[in-house]
Amino acid sequence: GKLTLGTESVKSAIIKKQAKLVIIAEDAADRTKKNFTMLCEKENVPIRITEKIEEISQAIGQVNKAVISINDKNFSEGLIKIIDGGDTIG
């Protein structure tokens with residue numbers, strides 16, 4: 001799929017080289033942010049820490065998702081531009 005949700009599934013997607021971008025909520029546990037930052041650096045996957053758990057969850061139609069990965073290259077590149085303050089949607 002284009003999205004992977006939740007910590008264990010996202011870890012697996014990173015290790016299997018499926019994840020093109022990892023997004024972690026600002027209000028995720030510090031340990032979660034640290035662990036994913038280290039794993040993404042090791043596996044050379046872009047990571048962004050942005051938004052709140054509630055906002056990320058609402059955006060994907062889920063509940064309580066602090067960690068997601070985008071597994072589609074074009075989608076991930078578009079999101080990176082938006083998160084980094086470049087383009088806007090629409």
Side-chain angles (χ1 to χ4, degrees):
K2 291 187 178 195
L3 279 182
T4 304
L5 313 174
T7 53
E8 292 309 314
S9 299
V10 172
K11 268 183 204 165
S12 178
I14 294 167
I15 292 164
K16 292 178 182 171
K17 310 281 188 228
Q18 295 167 336
K20 307 296 182 234
L21 169 65
V22 173
I23 298 175
I24 301 184
E26 292 168 346
D27 53 347
D30 286 340
R31 187 168 150 217
T32 300
K33 291 188 275 196
K34 185 176 142 197
N35 289 344
F36 274 97
T37 299
M38 290 191 319
L39 181 61
C40 286
E41 282 175 7
K42 181 179 167 230
E43 298 293 337
N44 205 23
V45 175
I47 182 170
R48 297 295 185 272
I49 298 173
T50 184
E51 306 301 329
K52 302 265 185 265
I53 292 171
E54 189 178 331
E55 291 162 339
I56 291 172
S57 301
Q58 276 184 337
I60 58 171
Q62 298 285 322
V63 177
N64 201 24
K65 297 296 177 197
V67 181
I68 65 171
S69 74
I70 312 301
N71 306 328
D72 177 85
K73 189 174 188 294
N74 292 330
F75 187 30
S76 70
E77 288 171 354
L79 278 175
I80 288 169
K81 284 180 184 174
I82 292 163
I83 292 167
D84 290 354
D87 297 348
T88 54
I89 297 177

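Starting from 1, each residue takes its place in the sequence as its number. On a predicted model such as this, the values are computed, not experimentally measured, just so you know.
How far CZ of Arg48 is from CG of Asp84: 4.0 Å, rounded to the nearest 0.5 Å. For the atom pair CD of Gln58 and CD of Glu51, the computed distance is 11.0 Å after rounding to the nearest 0.5 Å. Taking CG of Asn35 as the start and CG of Asp30 as the end, the distance is 10.5 Å to the nearest 0.5 Å.
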Show me the donor-acceptor pairs, under 3.5 Å and distance only, between side chains in residues 60-67 and residues at least two apart or in other chains.
none

Run the side-chain donor-acceptor check on residues 69-79: report pairs under 3.5 Å with partners two or more places apart or on a different chain.
unit_1, atom_1, unit_2, atom_2, d
Ser69, OG, Thr4, OG1, 3.4
Ser69, OG, Asn71, OD1, 2.9
Asn71, ND2, Gly1, O, 3.3
Asn71, ND2, Thr4, OG1, 2.6
Asp72, OD2, Asn74, N, 3.3
Asp72, OD2, Phe75, N, 2.8
Lys73, NZ, Glu77, OE2, 2.6
Ser76, OG, Asp72, O, 3.3
Ser76, OG, Lys73, O, 2.8

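Partners of Glu54 according to the side-chain hydrogen bond (donor to acceptor under 3.5 Å, both in side chains) rule, which considers only residues two or more places apart in sequence or in another chain, do not exist here.
Hydrophobic clustering, with ILVMFWY side chains joined whenever heavy atoms are under 4.5 angstrom apart, groups Leu5 together with Ile56.
Ala28 approaches Lys33 most closely through the heavy-atom pair O-CE, 3.4 Å. The minimum heavy-atom distance between Lys20 and Val45, with the atom names listed, is C-CG1, 4.1 Å.
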Can you check side-chain contact (heavy atoms from CB on, under 4.5 Å) on Thr37 and Ile49, steps first, answer last? CA-CA 9 Å; Thr37 299; Ile49 298 173; 4.1 Å; yes
With side-chain contact (heavy atoms from CB on, under 4.5 Å) as the criterion, how do Phe36 and Ile14 come out once you've worked through the C-alpha distance, each side chain's angles and the decisive distance to 0.1 Å? CA-CA 9 Å; Phe36 274 97; Ile14 294 167; 3.8 Å; yes
Show the numbers, then the answer: is there a side-chain contact (heavy atoms from CB on, under 4.5 Å) between Ile83 and Ile23? CA-CA 10 Å; Ile83 292 167; Ile23 298 175; 4.0 Å; yes
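For the side-chain contact (heavy atoms from CB on, under 4.5 Å) criterion with Val10, the lone passing option out of Val22, Ile24, Ile15, Leu3 is Val22.
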